[in-house]
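Every value quoted in this text rests on a predicted model; they were computed, and no experiment measured them. Each ligand, and each atom within it, is numbered from 1 in the order the structure gives.
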Amino acid sequence: MCVFCKIINNEIPSYTIYENDYVKCFLDISQATKGHTLIVPKKHVENVFALDSIEASEVMKAAVVVANLLKTKLKVENINLLNNSGSLAGQTVMHFHLHVLPRYGCDEIDFHQVEHEPNFVELDKLYKSLIN
Ligand code: AMP
Ligand code: ZN
């Protein structure tokens with residue numbers, strides 16, 4: 001059984017701040033920033049590709065609840081919602097989870113991508129390959 005399933009079954013402890021029939025939301029053990037929380041569906045699904053529409057909507061609904069809880073209690077004004085699906089994307093626990101990551105002016109996290117000129121030939125090819 002995976003570590004998040006054990007947390008969901010209360011076999012190992014967690015700092016759960018919100019829970020309902022579909023999700024459990026607990027503090028990440030390694031706080032990337034203060035208030036860093038994980039939204040975890042109670043059903044074991046590996047990654048974004050395996051989420052059904054009910055779980056997906058319950059995860060996002062819970063993220064809104066948790067974001068507002070952090071806003072109220074920690075005076076958080078800035079948040080990233082982040083999911084890593086697949087090991088190349090940085091997933092280390094193979095049970096889907098959405099990171100709720102409060103951002104503060106002084107943190108050292110940087111998600112900015114390199115900006116470059118748009119290539120409309122490539123965009124056009126890509127678009128056609130996706131819609132056909
Ligand atoms: P990811 O790299 O997206 O798979 O994130 C996995 C996250 O799970 C990391 O941020 C870990 O710190 C966190 N984590 C691992 N074990 C636990 C645990 N027992 N309780 C809370 N968070 C955990
Ligand atoms: Zn699991």
Side-chain angles (χ1 to χ4, degrees):
M1 190 187 290
C2 90
V3 62
F4 288 174
C5 282
K6 287 183 182 159
I7 287 175
I8 287 156
N9 290 341
N10 295 314
E11 287 174 30
I12 58 175
S14 66
Y15 295 96
T16 294
I17 61 171
Y18 176 71
E19 180 170 13
N20 63 26
D21 287 348
Y22 297 96
V23 295
K24 195 168 175 98
C25 308
F26 48 88
L27 297 180
D28 194 297
I29 205 163
S30 163
Q31 293 275 286
T33 61
K34 184 179 175 188
H36 181 186
T37 301
L38 301 176
I39 314 292
V40 183
K42 288 192 168 175
K43 185 172 150 199
H44 179 94
V45 287
E46 185 168 336
N47 55 31
V48 69
F49 306 111
L51 269 187
D52 69 26
S53 60
I54 291 176
E55 288 148 6
S57 65
E58 292 295 335
V59 162
M60 190 51 77
K61 277 158 61 181
V64 172
V65 172
V66 166
N68 281 297
L69 191 148
L70 297 173
K71 182 172 190 272
T72 305
K73 302 279 189 183
L74 299 181
K75 310 280 176 251
V76 164
E77 298 283 353
N78 301 271
I79 278 181
N80 289 116
L81 298 180
L82 174 74
N83 163 250
N84 301 321
S85 277
S87 51
L88 288 182
Q91 185 174 10
T92 58
V93 176
M94 297 304 168
H95 180 139
F96 178 92
H97 49 284
L98 188 65
H99 295 259
V100 180
L101 196 58
R103 299 300 305 275
Y104 306 94
C106 53
D107 65 48
E108 291 182 349
I109 295 166
D110 184 2
F111 292 123
H112 288 109
Q113 60 183 41
V114 181
E115 281 192 30
H116 45 70
E117 284 300 305
N119 180 334
F120 291 108
V121 175
E122 286 303 321
L123 279 171
D124 194 59
K125 267 202 297 196
L126 173 63
Y127 174 66
K128 285 181 176 136
S129 75
L130 292 174
I131 60 163
N132 289 326

Margin query: Let me check something: do I109 and V76 share a hydrophobic cluster, defined by ILVMFWY side-chain heavy atoms less than 4.5 Å apart, either directly or through other members?
Written below: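 Not linked; separate clusters.
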Note to self: Assigning hydrophobic clusters by single linkage (Ile, Leu, Val, Met, Phe, Trp, Tyr; side-chain heavy-atom cutoff under 4.5 Å), is I79 placed with M60?
What the structure shows: yes
Checklist line | Winner among F26, F4, Y15 once heavy atoms are compared against atom 8 (O) of ligand 1 | finding: F4
Test item, [X] contacting ligand 1 (heavy atom, 4.0 angstrom):
{"X": "G90", "result": "yes"}
{"X": "L27", "result": "yes"}
{"X": "M94", "result": "no"}

Atoms in ligand 1 flagged as close to [X], the criterion being non-hydrogen separation under 4.0 Å:
{"X": "T92", "answer": "1 (P), 2 (O), 4 (O), 5 (O), 6 (C)"}
{"X": "Q91", "answer": "4 (O)"}
{"X": "S30", "answer": "12 (O)"}
{"X": "I7", "answer": "18 (C), 19 (N), 20 (N)"}
{"X": "H99", "answer": "1 (P), 3 (O), 5 (O), 10 (O)"}

Notebook entry, point to check: For L38 and ligand 1, does the shortest N/O to N/O distance drop below 3.5 Å?
Noted result: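 So ligand 1 has no N or O lying under 3.5 Å from an N or O of L38.
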Check: Is N83 touching ligand 1 with its side chain, its backbone, both, or neither, if touching means heavy atoms under 4.0 Å apart?
Finding: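 Neither; nothing of N83 gets under 4.0 Å from ligand 1.
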Check: Side chain, backbone, both or neither: which part of N84 has a heavy atom under 4.0 Å from ligand 1?
Finding: side chain
Next item on the list: For I8 and P41, work out which heavy atoms get closest and say how close.
Entry: CD1-O, 3.5 Å
Checklist line | SG (C5) to the Zn ion (ligand 2) to ND1 (H44) angle, given to the nearest 10 degrees | finding: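 Angle SG(C5)-the Zn ion (ligand 2)-ND1(H44): 110°, rounded to 10°.
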Check: Among protein heavy atoms, which lies nearest atom 7 (C) of ligand 1, and at what distance?
Finding: D28 OD2, 3.5 Å
